[in-house]
2 protein chains.
Amino acid sequence: MLDDRKTAILSAVVQEYITTALPVGSTHIADAPGVHVSPATVRNEMAVLEQEGYLVQPHTSAGRVPTDKGYRFFVDHLVVPGVLDLATRVRVGEFFGSAHGRLEEMLYRTSDFLAQLTNYAAVVVGPPAEAAVVRSVQLVGLSATVATVVVVLGNGSVESETIELTPGVSAAHLANAGAHLAGHLVGSTLGAAGELMPSGDAVVDALCRQVLDSVRTRSSDEHLYIGGTSQMAASFDAVEIVRDVLRTLEQQFIVVSLIGDIVQRGMSVAIGGEHGVELLASCSLVVAPVVVDGERRGTVGVLGPTRMNYPQAMATVEVVSDQLGRRLEES
Amino acid sequence: MLDDRKTAILSAVVQEYITTALPVGSTHIADAPGVHVSPATVRNEMAVLEQEGYLVQPHTSAGRVPTDKGYRFFVDHLVVPGVLDLATRVRVGEFFGSAHGRLEEMLYRTSDFLAQLTNYAAVVVGPPAEAAVVRSVQLVGLSATVATVVVVLGNGSVESETIELTPGVSAAHLANAGAHLAGHLVGSTLGAAGELMPSGDAVVDALCRQVLDSVRTRSSDEHLYIGGTSQMAASFDAVEIVRDVLRTLEQQFIVVSLIGDIVQRGMSVAIGGEHGVELLASCSLVVAPVVVDGERRGTVGVLGPTRMNYPQAMATVEVVSDQLGRRLEES
DNA sequence: GTTGGCACTCCAGGCTACCGAGCGCCAACG
DNA sequence: CGTTGGCGCTCGGTAGCCTGGAGTGCCAAC
């Protein structure tokens with residue numbers, strides 16, 4: 001595809017641009033490791049790289065800047081799986097060692113932590129509730145027309161939902177339905193639980209179905225935790241981009257489906273326009289699935305400018321997702 | 001304090017600056033309502049207003065810009081409690097009419113809604129858990145060493161906390177403690193519940209105390225919901241300010257205590273430096289308590305630039321807090 | 001006290017010039 | 001034939017200069 005020298009040059013351009021954010025000229029690259037030729041030669045090669053779409057010039061006679069395709073080649077072929085520096089590994093270890101408390105809180109703090117490590121915004125998609133074992137189901141009446149259903153899951157998360165009661169449902173109905181549901185669900189997962197047994201009371205059965213529907217709907221949408229928006233703001237200098245990114249992050253379902261899409265396609269990095277979300281065109285996303293007991297349970301990732309530090313981001317995301325998975329395995 | 005004409009001039013300057021964001025010159029307000037004098041006279045008056053600290057010039061021979069003190073006078077003496085336009089009132093009505101579901105979700109959606117109405121960032125501080133009536137307490141063991149306590153409150157919110165069990169606590173202990181706590185707490189508020197009765201079992205009593213402590217600690221900190229950070233980003237044009245504001249918002253406890261402080265002092269508007277939070281020096285905060293059954297239960301507010309549209313923001317915050325209070329009364 | 005007039009100040013925007021970084025091309029070299 | 005040094009060219013960025021306009025402060029006159 002690209003010969004060794006072009007590869008070395010592309011790599012040097014990407015790395016230089018990542019650190020300086022300035023278009024990279026031939027002389028800056030001439031004696032980079034793996035290159036060591038005259039600037040003139042570098043220019044010739046760069047012209048080719050530009051024709052092939054790996055680099056662009058902001059204007060004639062300026063230095064070169066990597067394109068999305070250039071970054072793509074870089075992450076696919078040139079990022080060595082490098083080990084994270086010791087200090088960071090220690091910090092990660094300490095963080096997860098002392099992490100405790102409710103699942104939701106831990107996930108939020110993880111996103112914040114990841115943002116601090118990378119200096120980009122970080123996202124954590126929580127484990128879907130439907131995959132966790134139900135430990136308890138409870139139906140609590142709040143008024144004549146409103147009740148709350150509370151489901152406690154084995155991974156430490158608690159899902160609750162408010163439901164409107166149809167008139168004629170009494171406290172006894174609620175209690176029966178609660179017991180019936182508990183018998184049906186406790187010990188299995190929300191996703192796997194089969195059809196509900198009839199209880200012998202039509203009102204109770206209808207109520208159970210209503211509760212189950214409402215819980216199922218909710219439990220299928222994944223929770224999103226976003227940290228480090230301020231670091232994101234710091235890595236762009238155009239306020240319009242910051243606004244666009246924030247606007248996108250506010251619509252959590254976009255982000256969740258975007259991340260789901262990336263992971264589904266087996267990718268770990270989405271660069272610039274690749275993901276197809278207009279407002280995030282100047283961003284890249286580095287993600288890694290969180291694996292618990294051999295299955296994917298959520299995702300962690302960082303969101304930064306396309307000129308983000310991919311090696312560092314990838315390594316950090318990798319370590320954090322791994323540790324988070326282990327942490328979740330314990331419970 | 002200020003004679004009528006100075007007052008009218010100050011008011012005109014503030015309003016003009018709010019809409020244009022440009023320093024205001026004497027000719028622009030010479031024939032504003034309540035002024036109607038020549039530019040020269042306006043200039044004389046403006047010079048006095050500047051000496052007294054209500055206005056500043058960005059540089060010699062530029063127009064005037066209000067100071068924090070100028071805004072303060074404006075909101076204290078010149079904002080007529082004006083009624084919100086009909087369209088907005090209708091929107092608010094529709095919003096709360098269709099609001100349902102979990103308390104947390106509704107509060108989040110409220111903050112988002114308020115942000116859209118005002119075009120500033122919006123904050124909602126949830127009702128403190130300790131003031132709500134406990135409807136159910138449940139203790140669920142997750143493993144030999146971890147349990148979750150779930151408290152369902154009368155206002156529809158659900159508080160949960162994970163606790164570490166001391167070795168030797170059995171499932172039976174958990175069940176006993178759960179029942180004991182339920183008997184103690186259900187029907188009263190977390191804040192008001194008195195001393196725990198001894199149950200006759202030392203292990204159970206210790207466990208109950210542990211749970212109660214942990215729930216009490218958590219229930220005293222108020223939950224914060226922030227919406228419309230993107231609108232905030234749009235109203236500043238310096239990316240550093242956006243970053244600073246985001247950084248502050250990320251540390252929720254700062255915002256919560258700031259808002260609590262403002263409300264406590266009986267204020268509804270904090271302008272620029274008044275609140276003492278360095279990073280928010282170029283922001284103003286308009287807040288209103290949410291009153292449920294005659295008592296303060298949370299707060300709503302908006303956070304915008306010091307040159308925000310105070311009349312509109314104040315009216316909107318007022319209406320939303322009022323409607324939210326009514327909505328919460330229903331449950 | 002209010003007003004028109006006048007001189008002054010300062011910013012914003014446009015214009016020019018210039019410098020430097022960078023490129024492409026080409027001829028020469030090994 | 002790939003590599004290299006050289007040369008001319010092209011831009012962007014910065015600095016300097018000018019000018020127009022908006023605005024002020026002051027003063028004298030009403």
Side-chain angles (χ1 to χ4, degrees), chain A residues 2-67 70 237-238 307, chain B residues 2-67 70 237-238 307:
Chain A
L2 291 182
D3 61 58
D4 285 0
R5 197 170 60 191
K6 287 195 187 60
T7 300
I9 289 174
L10 177 55
S11 172
V13 170
V14 170
Q15 293 189 56
E16 180 81 6
Y17 187 67
I18 282 175
T19 62
T20 65
L22 261 35
V24 182
S26 54
T27 42
H28 283 92
I29 304 290
D31 50 348
V35 183
H36 288 302
V37 286
S38 78
T41 311
V42 174
R43 282 200 290 279
N44 292 332
E45 298 286 51
M46 278 171 132
V48 177
L49 285 169
E50 178 163 11
Q51 276 191 336
E52 314 236 326
Y54 295 97
L55 299 175
V56 275
Q57 287 179 289
H59 56 86
T60 344
S61 89
R64 255 77 175 201
V65 167
T67 61
D237 40 30
R307 45 165 281 273
Chain B
L2 290 183
D3 62 57
D4 284 358
R5 197 170 60 190
K6 287 196 187 60
T7 300
I9 289 175
L10 177 55
S11 173
V13 170
V14 170
Q15 293 189 56
E16 180 81 6
Y17 187 67
I18 281 175
T19 64
T20 65
L22 261 35
V24 181
S26 55
T27 44
H28 281 90
I29 49 176
D31 50 350
V35 183
H36 287 301
V37 286
S38 79
T41 312
V42 174
R43 282 202 288 280
N44 292 331
E45 298 287 51
M46 278 171 129
V48 178
L49 284 169
E50 178 162 11
Q51 275 192 336
E52 313 237 326
Y54 294 98
L55 299 175
V56 273
Q57 287 179 291
H59 56 86
T60 341
S61 89
R64 255 77 174 202
V65 165
T67 61
D237 40 31
R307 47 165 279 273

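A note on names: the letters A, B, ... follow the listed sequences, proteins ahead of strands, and every chain is numbered from 1.
Take A:Q15 and apply the side-chain hydrogen bond (donor to acceptor under 3.5 Å, both in side chains) test, not counting sequence neighbours, and it matches A:S11. Qualifying side chain to side chain contact (heavy atoms under 4.5 Å, CB included) partners for B:R43, counting only residues two or more places apart in sequence or in other chains: B:S26, B:P39, B:A40. Under the side chain to side chain contact (heavy atoms under 4.5 Å, CB included) criterion, A:P58 pairs with A:P23, A:A62, A:V65, sequence neighbours left out. Listed by chain and number, the residues in a side chain to side chain contact (heavy atoms under 4.5 Å, CB included) with A:D4 amount to none (sequence neighbours excluded). A search for side-chain hydrogen bond (donor to acceptor under 3.5 Å, both in side chains) contacts involving B:Q57 returns nothing, not counting sequence neighbours. Shown here are the side-chain hydrogen bond (donor to acceptor under 3.5 Å, both in side chains) partners of B:T41, two or more places apart in sequence or in another chain: B:S38. Applying the side chain to side chain contact (heavy atoms under 4.5 Å, CB included) criterion to B:L2, with sequence neighbours excluded, gives B:K6, B:T7, B:L10, B:L49, B:E52, B:Y54, B:F73.
Interatomic distance, B:R64 CZ to B:I9 CD1, rounded to the nearest 0.5 Å: 10.5 Å.
Taking all atoms of both residues into account, the shortest heavy-atom contact from B:E45 to B:D3 is OE2-OD1, 4.3 Å. Closest non-hydrogen pair, B:P66 versus B:L55, comes out as CA-CD2, 3.8 Å.
Note on B:R5: every side-chain N or O is 4.0 Å or more away from OP1 and OP2 of C:dG1.
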Set out, line by line, the N/O atom pairs under 3.5 Å between protein and nucleotides 10-13 of chain C.
residue : atom : partner : partner atom : Å
C:dC10  : O4'  : B:S61   : OG           : 3.4
C:dC10  : O3'  : B:H59   : ND1          : 3.4

Protein-nucleic acid N or O pairs under 3.5 Å, nucleotides 13-21 of chain D:
none

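Counting only residues at least two apart or on different chains, no ring-ring contact (aromatic ring centres under 6.0 Å, His included) pair has a member in residues 11-50 of chain A.
Residues B:I29 and B:M46 meet the side-chain proximity criterion, which asks for heavy atoms closer than 4.5 Å.
Scanning residues 39-56 of chain B for heavy-atom distances under 4.0 Å to DNA chain D yields B:R43, B:M46. Near-neighbour residues of DNA chain D inside residues 11-34 of chain B, defined by a heavy atom below 4.0 Å, number-ordered: B:G25, B:S26, B:T27, B:H28.
As a whole-Å value, the separation of A:Q57 CD from C:dG22 C1' is 8 Å.
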Assess whether side-chain contact (heavy atoms from CB on, under 4.5 Å) is satisfied between A:V48 and A:N44, documenting all intermediate values. CA-CA 7 Å; A:V48 177; A:N44 292 332; 6.0 Å; no
